[in-house]
Enquirer: 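Just dropping this structure here.
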2 protein chains.
Amino acid sequence: MTLEDELGLQKPVALLGHKALLSMCYTASRLRKKAGEFFRPFTLTDVQFNLMMLLKHQSGNKKGLSQVQLSNMMLVNRANITSLVDRMETAGLVARTPAPSDRRTNIIKLTTRGKKLLERVEPMYAREVEGIMAALKEPEQKKLIAMLEKIRSNIGDSNGKKKAPKT
Amino acid sequence: MTLEDELGLQKPVALLGHKALLSMCYTASRLRKKAGEFFRPFTLTDVQFNLMMLLKHQSGNKKGLSQVQLSNMMLVNRANITSLVDRMETAGLVARTPAPSDRRTNIIKLTTRGKKLLERVEPMYAREVEGIMAALKEPEQKKLIAMLEKIRSNIGDSNGKKKAPKT
DNA sequence: AGGCAACAATATACATACGAACAATATAAA
DNA sequence: TTTATATTGTTCGTATGTATATTGTTGCCT
């Protein structure tokens, strides 16, 4: 089933590039909705799961990440992380810790409860993802990733930091 | 530059499928941010532009679409359309019209002001999109679209309507 | 030291998403 | 025809996203 069939689109996607862009955004939208449904029974959102995954796998020796680090990794505004961590702290999934070297900085860490929940959900979600992506064979997935990277590199940095401020 | 380099991701994307999925969502996120920057000078959002494009190009003879039709085409909850149309009505871009055959239904139409704005913005946006998607050659774009469609068809319908409620 | 720019987190106002519950209307079933 | 069910739009509460302004902290430069 094509995008046109699904959405009744014809003229607005006359340009191939426009169609590709729409297709990407619609696919991402559906993926996130699917993820939302998956996580709901755990009183969790895809964003919160993503944050916990970063804390578990990306926090190096320190076992924690600052809010700015999280916002960069998640490609969202710093201001977002404040309320996100607020909610997750209330839910007992993460905790703010003062950074020893810089009093401006909060180090966000997983709580025991957060770790336990992640332990349970992570393998289930991995299976869910594999099920969805099984629509593409391995080499195709690699090609998809390569193409998406090409597009991203053509957009430039997401947080407004210009890549090469010419002159 | 790879996703790992940009985001410092290593372990959470150990699974190829997971990496492909993340790459898609991050790319879409950046595309939408880029679009947001583009539309801001027009006091417009990407979502509002999208809605106007649907009204202009998809509304058939009636020259208007119901809110449920819009929500289906935009893959969002119909509750969303209420406030979206509210804002756009306030901005004078669209208008609610009673449907002649069904008193439950609003037909949303572009106002003259909306049409004029679209006339001005649409060609500029088309150039913007072409610039971004020029990262991929035509056959690559087609392949990308085909792969995304495969994934979408593996997810099922977006609005909770099950495709084949087996027995 | 003292001043000043950069930075981290927060606060605010807004736009967009969701699900759930509701009233009014339309339609199918009895 | 009357009753049951489905659909449309709205409202509510909540989660996420943006840009912008503010506060406190750091660090650099004179």
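So that the names make sense, note that chain A is the first sequence line, chain B the second, and so on, each numbered from 1.
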Enquirer: So, do A/Leu31 and A/Asp46 sit near enough that their side-chain heavy atoms are less than 4.5 Å apart?
Expert: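 In short, these two side chains do not touch, never coming nearer than 4.5 Å.
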Enquirer: Heavy-atom nearest nucleotide on DNA chain C for A/Thr82 versus A/Ser29: which residue maps closer to 5'?
Expert: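 On the 5' side of the pair lies A/Thr82.
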Enquirer: Establish, with yes or no, whether the OP1 or OP2 oxygen of D/dT10 is under 4.0 angstrom from a side-chain nitrogen or oxygen of B/Arg78.
Expert: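 For B/Arg78, the contact criterion (side-chain N or O under 4.0 Å from OP1 or OP2 of D/dT10) is not met.
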Enquirer: What is the nucleic acid contact for B/Leu84, judged by heavy atoms within less than 4.0 Å: base, sugar-phosphate only, or nothing?
Expert: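 Result for B/Leu84 = sugar-phosphate.
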Enquirer: Which part of the nucleic acid does A/Thr105 contact within heavy-atom distance under 4.0 Å: base, sugar-phosphate only, or nothing?
Expert: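 Here A/Thr105 touches the backbone only, sparing every base.
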Enquirer: Does the side chain of A/Gln48 get closer than 4.0 angstrom to OP1 or OP2 of D/dT16 through an N or O atom?
Expert: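 For D/dT16, OP1 or OP2 has a side-chain N or O of A/Gln48 closer than 4.0 Å.
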Enquirer: Is the distance from OP1 or OP2 of C/dT16 to the nearest side-chain N or O of B/Asn80 less than 4.0 Å?
Expert: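 Checking C/dT16 against B/Asn80, no side-chain N or O comes under 4.0 Å of OP1 or OP2.
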Enquirer: Check the distance between C/dA11's C1' and A/Asp86's CG and give it to me in whole angstrom.
Expert: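 Rounded to the whole Å, the gap is 11 Å.
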Enquirer: Donor-acceptor pair, distance only, cut-off 3.5 Å: does the side chain of A/Arg113 make one with the backbone of A/Ala91?
Expert: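 Yes, A/Arg113 side chain to A/Ala91 backbone: donor-acceptor pair under 3.5 Å.
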Enquirer: Indicate, with a heavy-atom threshold strictly under 4.0 Å, whether A/Thr45 touches base, sugar-phosphate, or nothing.
Expert: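 Since only primed, P, OP1 and OP2 atoms lie under 4.0 Å of A/Thr45, the category is sugar-phosphate.
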Enquirer: Is the phosphate of C/dA17 approached by B/Arg32 (side-chain N or O, under 4.0 Å from OP1 or OP2)?
Expert: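 So the side-chain polar atoms of B/Arg32 do come within 4.0 Å of the phosphate oxygens OP1 or OP2 of C/dA17, strictly under.
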Enquirer: Nearest whole Å is fine: how far is D/dT8 C1' from B/Asn72 CG?
Expert: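 Atom CG in B/Asn72 sits about 12 Å away from atom C1' in D/dT8.
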Enquirer: For B/Ser66, report the nucleic acid contact type (base, sugar-phosphate, nothing); a contact means any heavy atom under 4.0 Å.
Expert: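 Since only primed, P, OP1 and OP2 atoms lie under 4.0 Å of B/Ser66, the category is sugar-phosphate.
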Enquirer: Side chain of A/Val68 only, heavy atoms from C-beta on: which candidate in C/dA20, D/dG9, C/dA8 is closest?
Expert: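 Minimum distance to the A/Val68 side chain belongs to C/dA8.
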Enquirer: Using whole Å, report how far CE of A/Met88 lies from C1' of D/dT16.
Expert: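 Result: 13 Å.
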Enquirer: Think A/Arg96 has a side-chain N or O under 4.0 angstrom from the OP1 or OP2 of C/dT10?
Expert: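 Checking A/Arg96 against C/dT10: at least one side-chain N or O falls below 4.0 Å of OP1 or OP2.
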Enquirer: Nearest to the side chain of A/Gln67 - D/dG9, C/dA9, C/dC18?
Expert: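 Selected nucleotide: C/dA9.
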Enquirer: Supply the atom-to-atom distance B/Leu148 CG to A/Cys25 SG, rounded to the nearest 0.5 angstrom.
Expert: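 Atom-to-atom, B/Leu148:CG and A/Cys25:SG are 10.0 Å apart.
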Enquirer: Counting only side-chain N and O atoms of B/Arg87, is one of them less than 4.0 Å from OP1 or OP2 of C/dT16?
Expert: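 Yes, within the criterion.
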Enquirer: Specify the separation, in whole Å, of atom CD1 of B/Ile81 and atom P of D/dT10.
Expert: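 Interatomic distance, CD1 of B/Ile81 to P of D/dT10: 11 Å.
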Enquirer: Hey, does the side chain of B/Gln69 come within less than 4.0 Å of D/dT8's phosphate (OP1/OP2), counting only N and O?
Expert: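 The answer is no; no side-chain N or O of B/Gln69 sits under 4.0 Å from OP1 or OP2.
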Enquirer: Could you tell me if the side chain of B/Glu140 sits less than 4.5 Å from the side chain of B/Leu144, heavy atoms only?
Expert: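 No, side chains not in contact.
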Enquirer: Please state how far atom CG in B/Asn50 lies from atom P in C/dT16, giving the value in whole angstrom units.
Expert: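 These atoms are roughly 11 Å apart.
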Enquirer: Starting at the 5' end of DNA chain C and moving along, which residue's nearest nucleotide shows up first, A/Ala79 or A/Arg40?
Expert: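 It is A/Ala79, whose closest nucleotide lies nearer the 5' terminus.
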Enquirer: Measure CZ/A/Phe39 against P/D/dT16 and give the value in whole Å, please.
Expert: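 Value for this atom pair: 12 Å.
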Enquirer: When the distance from CG of B/Asn77 to C1' of D/dT11 is rounded to whole Å, what number comes out?
Expert: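 In whole Å, D/dT11 C1' lies 12 Å from B/Asn77 CG.
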Enquirer: Roughly how many Å is it from CG in A/Leu70 to C1' in D/dG17, rounded to a whole number?
Expert: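 Atom CG in A/Leu70 sits about 16 Å away from atom C1' in D/dG17.
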Enquirer: So, B/Glu89 side chain and B/Arg96 main chain: donor-acceptor pair closer than 3.5 Å or not?
Expert: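 Side chain of B/Glu89 to backbone of B/Arg96, a donor-acceptor pair under 3.5 Å: yes, one is there.
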Enquirer: What side-chain hydrogen bond (donor to acceptor under 3.5 Å, both in side chains) pairs are there with at least one residue in residues 114-136 of chain A, not counting sequence neighbours?
Expert: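 Sorted result for residues 114-136 of chain A: A/Lys56-A/Glu122, A/His57-A/Glu122.
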Enquirer: Assess whether atom CD of B/Glu138 is packed by more than 12 heavy atoms of other residues, nucleotides or ligands within 6.0 Å.
Expert: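 Not buried by this count: 12 neighbours or fewer within 6.0 Å.
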Enquirer: Can any side-chain N or O of B/Ser71 pair as donor or acceptor with the backbone N or O of B/Val68 at less than 3.5 Å?
Expert: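 Judged by distance alone, yes, a pair lies under 3.5 Å.
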Enquirer: Check whether any side-chain N or O of A/Lys33 sits under 4.0 Å from OP1 or OP2 of C/dC18, and answer yes or no.
Expert: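 Yes, A/Lys33 has a side-chain N/O under 4.0 Å of OP1/OP2 on C/dC18.
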Enquirer: In this structure, which one of A/Leu55, A/Leu93, A/Leu51 forms a side-chain contact (heavy atoms from CB on, under 4.5 Å) with A/Leu110?
Expert: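 Passing option: A/Leu55.
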Enquirer: Enumerate all atom pairs, one protein N or O and one N or O from nucleotides 26-28 of chain D, separated by less than 3.5 Å.
Expert:
residue	atom	partner	partner atom	Å
D/dT26	OP1	A/Arg103	N	3.0
D/dT26	OP2	A/Arg103	NH2	2.9

